[in-house]
Amino acid sequence: MDLRDSWTVFFLFCSFWSITFCGQDGFLSLSCGGTVSFSDSSNISWVPDTTYITTGKTITINYSDGSSSTNVSARFFPKSRGRICYRIPVDNSTTLIIVRAKFVYKNYDGLGKPPTFSVSLGTAIAANINLAKDDPWTEEFLWTVNKDILPFCLNAIPSGGSPVISSLEIRPLPKGSYTKGKEDFQNKLLRRSYRIDCGHTNESIQYPMDPYDRIWNADRSFTPFHTTTGFKIHDRFNQSNVMEEPPASVLQTGRVLARRNTLTYNLPLDVSGDYYIILYFAGILPVFPSFDILINGDLVKSNFTIRSSEISALYFTLKGINSLNITLSSIRFNPQINAFEIYNMVDIPSEVSSTTVSAMQVIQQSTGLDLGWQDDPCSPFPWDHIDCEGSLVTSLDLSDINLRSIGPTFGDLLDLKTLDLHNTSLAGEIQDLGSLQHLEKLNLSFNELTSFGVELESLISLQVLDLQNNSLRGTVPDSLGELENLHLLNLDNNKLQGPLPQSLNKETLDIRTSGNICLTFSTTCDDASSNPPIETPKVTIIPKKKHNVHIHVAIILGTVGGATLALILICLSVLIYTTKKRYEVSHAEREETDMRNWGAEKVFSYKEIKAATSNFKEIIGRGSFGSVFLGKLPNGKSVAVKVRLDKSQLGVDSFINEIHLLSKIRHQNLVSLEGFCHESKHQILVYEYLPGGSLADHLYGANSQKTPLSWVRRLKIAVDAAKGLDYLHNGSEPRIIHRDVKCSNILLDVEMNAKVCDFGLSKQVTKENATHVTTVVKGTAGYLDPEYYSTQQLTEKSDVYSFGVVLLELICGREPLTHSGTPDSFNLVLWAKPYLQAGAFEIVDESIHGTFDKESMRKAAMIAIKSVERDASQRPPIAEVLAELKEAYSIQLRFLEYCRNEN
């Protein structure tokens with residue numbers, strides 16, 4: 001068949017298979033190190049790589065490929081010690097892409113030392129490159145698109161030389177392709193081992209013969225007889241289930257045996273692992289052969305028959321193999337195969353939780369330093385200053401960095417086991433660490449800390465606490481003795497004094513106390529190991545005199561007087577102690593009585609809570625406070641049971657605060673309190689249960705994929721939540737500032753009505769402090785009002801800022817902080833404001849494109865932008881926000897009614 005016929009087949013094939021593009025739609029071809037744009041012999045456009053990377057040096061490499069001399073540009077990275085990443089924008093509407101890279105050395109530096117390095121895509125180490133083995137070296141991967149930016153990185157290894165790259169190509173693939181048959185192998189990157197056009201003996205086939213620019217190599221290395229025949233186009237091709245769409249020029253050639261009963265391909269594999277195999281068959285012969293298919297000697301398909309004018313494919317996965325043998329064994333006529341693809345399935349490690357990533361980005365910003373924290377913190381390699389276990393950040397070392405304060409975002413690093421903040425200029429009270437329930441080692445030495453605070457008491461897993469060389473004053477708190485796992489407490493060189501608590505007097509605990517004023521387990525300061533040296537007192541010897549009887553009398557009287565004084569002191573101490581205990585019991589009873597009078601429907605016993613939750617069987621939520629369990633009351637009503645883990649006074653205060661607030665407020669858009677349990681060591685809140693989950697679940701969880709929220713539903717949720725906040729700010733006395741407004745604190749009932757929850761951090765504003773409350777910063781990274789963060793002055797406008805972030809999430813469908821994309825897109829507020837101010841609605845969540853009225857969107861966007869103004873005085877009150885949202889909601893309802901009438 002001549003070239004003209006091949007082109008006819010190609011265009012017919014595109015027509016019948018409805019390929020979405022036969023040109024270069026979606027192609028990106030980077031000439032690494034290149035300086036000019038150009039088109040190659042296939043009319044593919046190439047551009048320099050400078051838009052996507054700013055480091056490295058460029059060079060032109062001249063080498064011979066055996067028949068001619070070739071010049072290629074390349075980019076190399078001398079003295080590189082870590083990751084060098086291209087950040088490639090990809091279209092989220094494309095589900096699968098080819099990522100193809102070419103690496104060339106050819107002794108460009110005259111050193112004769114070809115480099116070795118690895119390449120990674122996202123969190124996966126995709127391949128190891130050894131240019132001493134092959135030069136040039138080409139790698140090709142199939143990547144499932146899940147973000148709008150793909151990090152493609154070259155990773156230097158010790159003594160491996162300078163990584164070098166010549167070209168990088170991105171090609172979109174047909175939707176739904178390369179998924180069949182590997183359902184049990186989720187979250188895998190496909191690395192091409194072979195893509196063979198069977199029976200083809202000439203040069204490789206790619207674009208434009210393959211509109212997706214896959215490279216199909218000839219199988220001339222194999223010996224069986226091949227046949228080429230005319231390809232018969234038939235309507236039945238429209239019914240083909242071969243989603244990979246191999247090109248007609250590949251399928252019209254095949255490999256067939258004329259005189260033997262078996263056709264075998266022996267295919268060496270360069271790495272052991274799991275493999276994905278696709279075999280293609282096309283009925284291009286007048287006979288319909290049947291045959292068995294064996295892979296590595298195992299029968300995987302029996303009596304397979306090729307039908308005339310049909311295209312079919314078979315999909316297989318193999319685990320843990322290091323060689324591959326594909327055999328077709330004849331049953332009727334001679335076996336035939338037209339093409340096949342072999343891919344190594346590479347594990348893609350799980351990403352670190354967005355909460356952890358967001359917290360670390362805020363921490364990086366607070367340092368004022370570029371710590372190189374980009375992409376995923378743990379994979380493919382952990383960031384500087386951290387260690388990981390899988391996808392969990394378990395160690396953070398920021399020693400010798402000028403932090404000045406710890407900040408509330410440290411409390412979001414819930415998986416930390418080791419935290420080293422020594423010599424970081426910390427001052428004041430130790431705080432914002434109480435939620436780190438897994439923390440085992442904490443180093444806060446060589447700072448200017450002055451107070452223990454109450455956070456340390458909650459670190460139930462703590463084993464090592466290093467507080468040496470600070471300015472801690474006063475006494476050591478008795479509560480540290482409740483840390484059962486603590487085996488090293490270093491208090492050297494502080495300003496502590498007084499007796500150490502007896503709760504710390506354990507054989508398993510090593511306490512270091514030198515360099516303090518007076519710190520011992522005894523009531524006197526005679527322990528040299530705990531005190532500075534004391535000068536030996538001078539002794540005066542009185543000579544015997546005639547009147548020595550008076551001296552004896554004086555001694556006796558002094559002794560009696562001292563004993564009497566000691567007895568008086570003991571009695572006074574007992575009196576004070578008993579009075580204190582009586583007060584504490586009375587205070588506790590009064591507190592319990594007050595709590596019962598706050599209006600909660602029921603005070604539950606711990607035994608009742610255990611019964612209601614079936615011994616805490618089903619967990620439905622988790623946070624820094626503890627866990628939330630699903631329960632059912634004796635009357636059949638479902639409830640959400642929140643169990644506090646925080647044993648500190650801060651936790652008690654937060655618990656009592658939440659009971660106090662919730663027992664006083666009743667509003668249809670605020671989660672109501674069903675009751676509580678406040679027994680020794682048990683602090684439990686019982687809420688009404690909302691089966692719809694949280695707004696965050698519907699925007700980012702599994703529900704977001706199944707049934708994305710419509711724009712009118714998002715507006716209704718926003719209006720409901722704003723009503724709840726408006727009641728807190730304006731409908732209650734004293735006014736209440738929520739302080740932790742976020743998507744996960746907006747819950748939905750079965751009819752998708754929204755209610756605001758979690759009042760543990762809330763603050764009441766009385767008339768005496770009508771303008772603001774000065775308080776330690778609390779809240780969630782990404783939602784925190786920047787003015788509140790810098791001034792520690794809390795107002796209702798701080799809630800407005802947080803709610804404005806929620807509105808931006810509803811509009812854009814993305815979280816407040818993300819580690820994908822370019823640095824200027826990490827923060828939702830900074831990224832979205834200029835677009836929405838300009839009326840550029842292309843950033844609106846694509847799941848609601850084409851379904852919203854532009855005026856409705858404009859109103860919602862404008863009030864969201866005003867709400868997140870950095871200057872709190874420029875933000876509207878929540879009542880104004882609510883009014884604007886109601887109007888946007890009404891406009892959208894009228895728009896939908898109009899659309900229904902038109903249809």
Side-chain angles (χ1 to χ4, degrees), residues 18 20-21 25-26 28 88-97 144-150 170 172-176 354 695-719 743 746 748 752 754 804-816 818 820-822 824-865 867-868 884-885 887-903:
S18 301
T20 56
F21 59 85
D25 291 351
L28 176 64
I88 308 299
V90 288
D91 186 353
N92 276 327
S93 64
T94 303
T95 57
L96 190 68
I97 58 173
T144 301
V145 176
N146 56 11
K147 288 186 171 65
D148 55 2
I149 293 291
L150 169 65
I170 305 296
L173 287 168
K175 288 189 175 181
S354 58
L695 175 56
D697 295 335
H698 288 269
L699 284 179
Y700 313 117
N703 290 335
S704 66
Q705 302 299 321
K706 296 177 184 177
T707 54
L709 291 174
S710 64
W711 176 236
V712 71
R713 177 62 66 190
R714 297 182 194 212
L715 282 172
K716 175 61 166 56
I717 291 170
V719 169
C743 280
I746 298 174
L748 307 174
M752 301 295 282
V805 177
V806 171
L807 294 179
L808 292 179
E809 291 182 83
L810 289 169
I811 292 169
C812 301
R814 56 153 284 188
E815 296 177 84
T818 179
S820 64
T822 57
D824 59 358
S825 69
F826 288 171
N827 184 293
L828 173 60
V829 173
L830 299 179
W831 172 73
K833 279 184 71 175
Y835 285 98
L836 296 180
Q837 284 171 331
F841 294 150
E842 64 264 25
I843 68 166
V844 170
D845 188 348
E846 62 180 20
S847 69
I848 58 174
H849 276 187
T851 65
F852 59 83
D853 178 88
K854 288 186 177 180
E855 179 59 19
S856 170
M857 179 62 72
R858 189 193 68 79
K859 272 196 168 293
M862 288 302 103
I863 198 64
I865 291 170
S867 298
V868 294
E884 290 295 305
L885 289 174
E887 190 168 345
Y889 180 54
S890 298
I891 293 171
Q892 182 65 16
L893 287 176
R894 291 195 295 270
F895 171 74
L896 293 176
E897 183 65 26
Y898 172 80
C899 291
R900 280 193 290 269
N901 294 335
E902 285 294 302
N903 293 331

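Everything quoted here is computed from the prediction, not taken from an experiment.
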Contacts of type side chain to side chain donor-acceptor pair (under 3.5 Å), residue Arg858, not counting sequence neighbours:
Glu855
Please list, chain by chain and in numerical order, all residues satisfying side chain to side chain donor-acceptor pair (under 3.5 Å) with Thr144, sequence neighbours excluded.
none
Check whether any side-chain heavy atom of [X] sits under 4.5 Å from a side-chain heavy atom of [Y], and report yes or no.
| X | Y | result |
| --- | --- | --- |
| Arg894 | Asp853 | no |
| Ile848 | Met857 | yes |
| Ile717 | Leu709 | yes |
| Ile811 | Trp711 | yes |

Please name the pair of heavy atoms, one in [X] and one in [Y], separated by the smallest distance, quoted to 0.1 Å.
| X | Y | value |
| --- | --- | --- |
| Val868 | Gly804 | CG1-C, 3.6 Å |
| Glu815 | Glu809 | CA-OE1, 4.0 Å |
| Ala832 | Leu808 | CB-CD2, 4.4 Å |

Start with the C-alpha gap between Arg814 and Ile843, add the side-chain angles, then the distance that decides, and say whether side-chain contact (heavy atoms from CB on, under 4.5 Å) holds.
CA-CA 10 Å; Arg814 56 153 284 188; Ile843 68 166; over 6 Å; no
Find the distance between CD1 (Ile170) and CD1 (Ile88) and round it off to the nearest 0.5 Å.
5.5 Å
Yes or no on side-chain contact (heavy atoms from CB on, under 4.5 Å) for Arg713 and His698, after CA distance, side-chain angles and deciding distance?
CA-CA 11 Å; Arg713 177 62 66 190; His698 288 269; over 6 Å; no
So Ile97 and Leu150, side-chain contact (heavy atoms from CB on, under 4.5 Å) or not? Walk me through it.
CA-CA 11 Å; Ile97 58 173; Leu150 169 65; 4.1 Å; yes
Determine, step by step, whether Leu893 and Glu897 satisfy the side-chain contact (heavy atoms from CB on, under 4.5 Å) criterion, reporting the C-alpha distance in whole Å, the side-chain angles of both residues, the deciding distance to 0.1 Å, and the verdict.
CA-CA 6 Å; Leu893 287 176; Glu897 183 65 26; over 6 Å; no
Can you name the ring-ring contact (aromatic ring centres under 6.0 Å, His included) partners of Tyr835, sequence neighbours left out?
Trp831
